[in-house]
Amino acid sequence: MQIQNIIDGHSIDPIDNRWIDVFEPANGKFYATLANSNEADVNKAVEAAESAFEEWSNFTIAKRSEILMNIAHAIESQLDSLAAAESKDNGKPLSLAAKVDIPRAADNFRFFAHAITQFASESHESIGLKTINYTLRHPIGIVGCISPWNLPLYLFTWKIAPALAAGNCVIAKPSEITPMTAFLLGKICLESGLPKGVLNILNGLGSSVGQAIVSHPKIKAISFTGGTQTGAQIAATAAPKFKKLSLELGGKNPNLIFEDCDYDKMLNTTLRSSFSNQGQICLCGSRIFVERSIYNKFKTDFVNAVKSLNVGHPSDPQTDIGALVSDSHLQKVKRYIDMAPSEGGKILCGGDIKIISGFEEGYYLNPCVIEIDNNACRLNQEEIFGPVVTLMPFDSEKEALDLANSVSYGLSASVWTNNLNRSMRLSEKLESGIVWVNTWMQRDLRTPFGGTKDSGVGREGGFEALRFFTEPKNICINYSD
Ligand code: NDP
């Protein structure tokens with residue numbers, strides 16, 4: 001299988017004819033080659049996007065919306081094959097891909113197909129001056145969308161759908177580690193009536209083709225989701241060129257669990273928020289702080305629940321935890337687990353490599369719970385992004401808040417309490433872009449999504465995304481004689 005680029009409506013080889021190997025996490029075997037593109041490929045894609053822009057940006061809103069809706073339907077009609085491709089490429093359980101990743105990719109297109117029909121610009125009447133201002137919101141032109149490997153199609157479409165809805169032409173790059181479903185989506189888009197050149201998908205390494213997208217003078221905005229270090233590098237390249245930037249970066253999210261919570265609901269949800277997608281979701285709650293009065297009970301119940309999770313082949317319906325995305329990521333996560341003793345941590349369960357019979361070369365790890373006594377340890381300050389969580393008790397609401405905020409990241413936080421005033425006090429003070437109270441990862445696509453501190457700049461979702469992908473222009477008319 002060859003995963004090519006999609007430029008100007010055609011699947012084509014990279015200009016230099018260089019290729020990268022793609023591996024299947026579940027068995028560690030090579031299964032596809034990927035276009036290893038460079039600056040010349042980006043130039044070609046930009047030419048295609050430039051030619052397509054005039055027509056696409058002048059399509060009526062109704063027509064654009066209809067095409068996005070066609071894409072949503074096509075994704076749904078191919079749910080099984082897309083879910084299988086996602087699971088094979090990423091190592092995530094097939095059941096998760098079929099229940100979450102692919103339906104959400106369709107939802108992203110459907111949501112922005114509707115949202116663009118409701119997106120309005122403002123007017124301001126300057127009373128007494130016989131002046132009226134109105135604001136136009138035009139598409140930016142050519143925009144770059146760069147996405148990571150953890151939720152491949154889900155996050156790829158989260159960027160592309162609003163960019164297209166707003167009338168832009170897109171140069172998009174999926175992660176080199178999980179490129180398959182983006183390639184399949186490119187074909188779906190063409191079959192669904194998206195004109196050629198409007199969406200161009202370039203594959204390859206972040207350091208070459210990714211960097212070339214970010215540097216290209218005709219690409220005027222970059223929407224990026226990925227690691228904080230990569231985000232900093234992208235900002236350093238794009239900022240002096242005055243490009244619009246949206247950066248959705250890493251997280252180290254706290255869970256604050258109080259004695260007065262709904263215990264069973266909290267326990268089940270905390271299991272999910274810790275280990276869904278092998279803990280490889282930027283929103284996973286990786287630091288669990290529990291009020292001391294229920295700490296020992298929680299520790300026993302949680303560890304028992306974690307031990308009962310099935311680590312297995314992604315296609316097995318019994319599997320709760322599939323394979324990590326790559327061997328190098330598995331080694332990175334393992335290095336953090338191995339540093340537990342020197343960082344004052346005690347491993348309560350898991351953390352060892354799991355060998356699955358018949359798939360011995362796959363990247364499997366038993367989910368790991370580490371008890372710590374110091375929030376300053378590296379395990380609690382650095383993003384591990386795997387099936388690893390830490391536990392620590394707290395004695396007061398103030399201490400819980402200090403622990404939660406004493407970290408450089410600020411993406412999301414969960415609070416478990418039935419005390420309304422406490423939940424509101426904490427929600428106000430937590431330094432994060434998103435706070436969940438008595439829930440986790442419940443998403444309404446109209447809401448602003450993103451992080452503070454080292455977790456990013458800007459917000460996506462709903463009209464925030466449509467504002468990002470449009471350029472406002474104010475027109476002021478004086479109508480006095
Ligand atoms: P990376 O930062 O390594 O990569 C993200 C994307 O950027 C990939 O497509 C990558 O390509 C590309 N890239 C790498 N270097 C450059 C560059 N210099 N210029 C342009 N593009 C580049 O992240 P991961 O793929 O490892 O994803 C995991 C990270 O993503 C975690 O930190 C996680 O927290 C974060 N994340 C944040 C979310 C949020 O909404 N805040 C949601 C999901 C994940 P390639 O793969 O080819 O190197």
Side-chain angles (χ1 to χ4, degrees), residues 3 20-23 34-39 42 89-90 92 101 104 144-159 171-180 182 201-216 219 222-238 243 245-253 276-286 324-326 328-330 332-333 382-386 407-412 432-434 441 443 447-461 464-465:
I3 304 174
I20 303 167
D21 292 344
V22 183
F23 294 87
L34 176 73
N36 186 356
S37 316
N38 60 25
E39 199 181 334
V42 175
D89 212 20
N90 173 278
K92 70 178 66 213
D101 291 72
R104 173 58 193 273
C145 297
I146 301 177
S147 58
W149 48 256
N150 62 329
L151 303 167
L153 194 64
Y154 176 131
L155 289 174
F156 195 68
T157 51
W158 180 235
K159 299 183 173 306
I171 312 290
K173 190 195 102 59
S175 168
E176 129 230 356
I177 304 169
T178 54
M180 182 60 91
I201 301 176
L202 290 174
N203 286 300
L205 301 172
S207 52
S208 53
V209 70
Q211 186 67 27
I213 292 171
V214 176
S215 311
H216 199 290
I219 300 180
I222 303 290
S223 171
F224 168 80
T225 298
T228 294
Q229 271 186 337
T230 316
Q233 204 176 334
I234 287 175
T237 306
K243 297 187 183 211
L245 268 182
S246 170
L247 302 173
E248 302 287 343
L249 309 176
K252 191 74 185 173
N253 311 310
S276 286
N277 204 41
Q278 297 69 248
Q280 302 166 145
I281 303 181
C282 53
L283 303 167
C284 276
S286 51
L324 271 70
V325 76
S326 68
S328 69
H329 189 59
L330 175 70
K332 176 194 148 184
V333 174
E382 297 174 20
E383 186 184 46
I384 301 174
F385 213 57
V407 72
S408 62
Y409 294 101
L411 186 54
S412 72
S432 64
I434 300 153
M441 212 170 150
R443 295 276 296 114
T447 59
F449 181 93
T452 60
K453 295 158 81 175
D454 290 358
S455 291
V457 178
R459 293 293 182 274
E460 296 186 344
E464 300 281 347

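Just so you know, ligand 1 is whichever comes first in the structure, and atom 1 is the first atom listed for that ligand. Model, not experiment: these values are computed from the prediction.
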Colleague: Check ligand 1 against G204 and write out every atom of the ligand that is under 4.0 Å from a heavy-atom position of the residue.
Modeller: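 Within the 4.0 Å cut-off of G204, ligand 1 contributes 47 (O).
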
Colleague: With atoms numbered from 1 as shown, which atoms in ligand 1 lie under 4.0 angstrom from a non-hydrogen atom of T230?
Modeller: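 Numbered from 1, ligand 1 contributes 1 (P), 2 (O), 3 (O), 13 (N), 14 (C), 15 (N), 16 (C), 22 (C).
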
Colleague: With sequence neighbours left out, what residues match K92 under side chain to side chain donor-acceptor pair (under 3.5 Å)?
Modeller: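 Partners of K92 under the side chain to side chain donor-acceptor pair (under 3.5 Å) test: D101, N277.
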
Colleague: Which one holds for N150 and ligand 1: side chain close, backbone close, both close, or neither close, with close meaning a heavy atom under 4.0 Å?
Modeller: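 For N150, only side-chain atoms sit under 4.0 Å from ligand 1.
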
Colleague: With nothing but distance in play, are any N or O atoms of S147 less than 3.5 Å from an N or O of ligand 1?
Modeller: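 Such a contact does occur with ligand 1.
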
Colleague: What pairs with H329 under ring-ring contact (aromatic ring centres under 6.0 Å, His included), at least two apart in sequence or on another chain?
Modeller: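 For H329, the residues satisfying ring-ring contact (aromatic ring centres under 6.0 Å, His included) (neighbours in sequence not counted) are W149.
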
Colleague: For atom 4 (O) of ligand 1, is the nearest protein heavy atom closer than 4.0 Å?
Modeller: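 Under the 4.0 Å cut-off, atom 4 (O) of ligand 1 has no protein heavy-atom neighbours at all.
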
Colleague: Within ligand 1, which atoms have a heavy atom of Q233 less than 4.0 Å away?
Modeller: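 Result: 18 (N).
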
Colleague: To the nearest 0.1 Å, how far is atom 41 (N) of ligand 1 from its closest protein heavy atom, and which atom is that?
Modeller: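 The closest one turns out to be L249 O, 2.7 Å.
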
Colleague: Using distance alone, decide if ligand 1 has a nitrogen or oxygen within less than 3.5 Å of any nitrogen or oxygen in G206.
Modeller: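 Yes; at least one N/O pair falls below 3.5 Å.
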
Colleague: So among L34, V22, V209, which one has a side chain to side chain contact (heavy atoms under 4.5 Å, CB included) with E176?
Modeller: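 Answer to the side chain to side chain contact (heavy atoms under 4.5 Å, CB included) test with E176 among L34, V22, V209: L34.
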
Colleague: What part of I234, side chain from CB on, backbone N/CA/C/O, both or neither, has a heavy atom under 4.0 Å from ligand 1?
Modeller: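 Within the 4.0 Å criterion, I234 contacts ligand 1 through side-chain atoms alone.
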
Colleague: Between E383 and ligand 1, find which residue part has any heavy-atom pair under 4.0 Å and reply side chain, backbone, both or neither.
Modeller: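 The part of E383 near ligand 1 is the side chain, not the backbone.
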
